[in-house]
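Have a look at the structure below, then the notes.
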Amino acid sequence: MGASSRPSTSRSASGGDKPHRRFNPLSGEWVLVSPQRTLRPWLGELEPPPQSSTVVHDPSCYLCPSNQRMNSERNPDYRGTFVFDNDFPALVPAMAEEHQSPEEPSDTIFRSEPVSGCCRVICYSHRHDRTMARLSVEEIRSVVDVWVEESSQLGRSYSWVQVFENRGEAMGASNPHPHGQIWASSSVPSLVAREGEQQRAYLNRTGRNLLGEYRDHEMELGVRVVTSNESWMVCVPYWATWPFEVLVLPLATVQRMDELDGAQQAGLAAIMKDLLVRYDNLFETSFPYSMGWHGAPYPDSGNQDDSAWLLHGHFFPPLLRSASVRKFMVGFELLAEAQRDLTPEDAADRLRAVPGPHYLDR
Ligand code: H2U
Ligand code: ZN
């Protein structure tokens, strides 16, 4: 269902062992797939797998209960989740007198515009030694509750609410304590605006919801589906760029995080647990990733019509072959186009085949 082709029903129809390009209808970009290269020798860097934390409370951790943060504020003696305003925010609220609407560009090259916003940090658990993969489904459900509440609250003041997590040193996480972030902004960020345009154009052209239709095809084909439950499915997208990238899609038509009902929130917690245990068990390591949620921007953005959108989660994990061999987006990818060797179908096969429970809980 790219610009020119139907989804492939089999490996051979998806280009077989020959190099081919796949279209990403969400970003409007292509990815080069080179399956014949999966056996090439690796003499590059080996990253030592990070040591996982074993202490329940780390006195030197800024996120543990009762500890002092970098700005000298003290965390409460919390249990479960804890949300606070980022002490080093990338976006700050507008001053009352500040003019926030984008100005007419005064220069065709040196353009800028004001932006305001707010950044928060969510601790997923009081336990320093956990990761989301090792929380119970009930504990993950309380993280989902925070995502829903924060999206709903910040969506009243801002155009965009980005829920995300950088997991692991490989993705630049500053601290092993289980945590994620929420950034809200007065403008719709570039990648999100692009996804919005692509979904809108697809709806205008076909009368159908792009991701809803994509999800239904994937459920029918099964080859790229990693797991599913009564309200969600996870697949390695046909156009994935990272080796084990996945897309998390609701089975119902939901446009935003704060529209999920109780059953869908519970289903989300369950499918996240399922996915994260597969990820960690794949190379028996705490699997690094950047993950985050996209849905229709809030009304402040001038967005009048959500019907082109479908809520979805992106997981972008860098590991390729082992706990220490990662993919780098360099060279051709920085200069020309994303490229992958392992096919999305093979990646989905591998993730589907991983047995549970979590290797550290066996
Ligand atoms: P990352 O691990 O994804 O970098 O997120 C941690 C965030 O926590 C980071 O944005 C904030 C950093 O600014 N932080 C505080 O707000 N206070 C602290 O005392 C430590 C870290
Ligand atoms: Zn901690």
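Indexing begins at 1, ligand by ligand and atom by atom, following the structure's order.
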In Å and rounded to the nearest 0.5 Å, what is the [atom1] to [atom2] distance from [X] to [Y]?
X: S228; Y: L251; atom1: OG; atom2: CG; answer: 7.0 Å
X: E195; Y: S27; atom1: CD; atom2: OG; answer: 8.0 Å
X: Q255; Y: H294; atom1: CD; atom2: NE2; answer: 15.5 Å

[atom] [closest protein heavy-atom partner, distance rounded to 0.1 Å]:
atom: atom 5 (O) of ligand 1; result: Q181 NE2, 2.9 Å
atom: atom 21 (C) of ligand 1; result: M70 SD, 4.5 Å
atom: atom 8 (O) of ligand 1; result: V121 CG2, 3.6 Å
atom: atom 17 (N) of ligand 1; result: D87 OD2, 2.6 Å
atom: atom 4 (O) of ligand 1; result: S174 OG, 3.4 Å

query: Do you know which two heavy atoms are closest between E333 and A338, and how far apart they sit?
result: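 Between these two residues, the closest heavy atoms are CG-CA, 3.7 Å.
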- request: Mind telling me whether W239 and Y214 have parallel, tilted or perpendicular rings, with 30° and 60° as the class edges?
  value: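 Correct class here is tilted.
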message: Taking 2.8 Å as the limit, list every protein N, O or S atom around the Zn ion (ligand 2), by chain and residue number.
response: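 Correct list: C61 SG, C64 SG, H128 ND1, H177 ND1.
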task: Give a yes or no on whether F110 atom CZ has more than 12 heavy-atom contacts from other residues, nucleotides or ligands under 6.0 Å away.
output: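 No, because the 6.0 Å sphere around CZ of F110 holds 12 heavy atoms or fewer from other groups.
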message: If you measure every N or O of D85 against every N or O of ligand 1, does any of those distances drop under 3.5 Å?
response: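 No, there is no polar N/O contact under 3.5 Å.
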- prompt: Looking only at heavy atoms, is any part of H179 under 4.0 Å from ligand 1, and if so is it the side chain, the backbone, or both, or is it neither?
  reply: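 It is the side chain that touches ligand 1; the backbone stays farther off.
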task: For ligand 1, indicate whether the residue N86 contacts it via side chain, backbone, both or neither (heavy-atom separation under 4.0 Å).
output: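 For N86, the contact with ligand 1 is made by both the backbone and the side chain.
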- prompt: What residue among W147, W183, W293 forms ring-ring contact (aromatic ring centres under 6.0 Å, His included) with F164?
  reply: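 Answer after filtering W147, W183, W293: W183.
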- prompt: Would a line drawn from the ring center of H128 to the ring center of H57 be shorter than 6.0 Å?
  reply: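 No - the distance between ring centres of H128 and H57 does not fall below the 6.0 Å cut-off.
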- prompt: With ring centroids as reference points, do F82 and F84 lie under 6.0 angstrom apart?
  reply: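 For F82 and F84, the ring centres are under 6.0 Å apart.
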message: Under 6.0 Å from the ring centre and within 45 degrees of the ring axis: does the NZ or CZ of R130 meet both conditions for the six-membered ring of Y124?
response: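 Judged by the rule, R130 and Y124 form no cation-pi pair.
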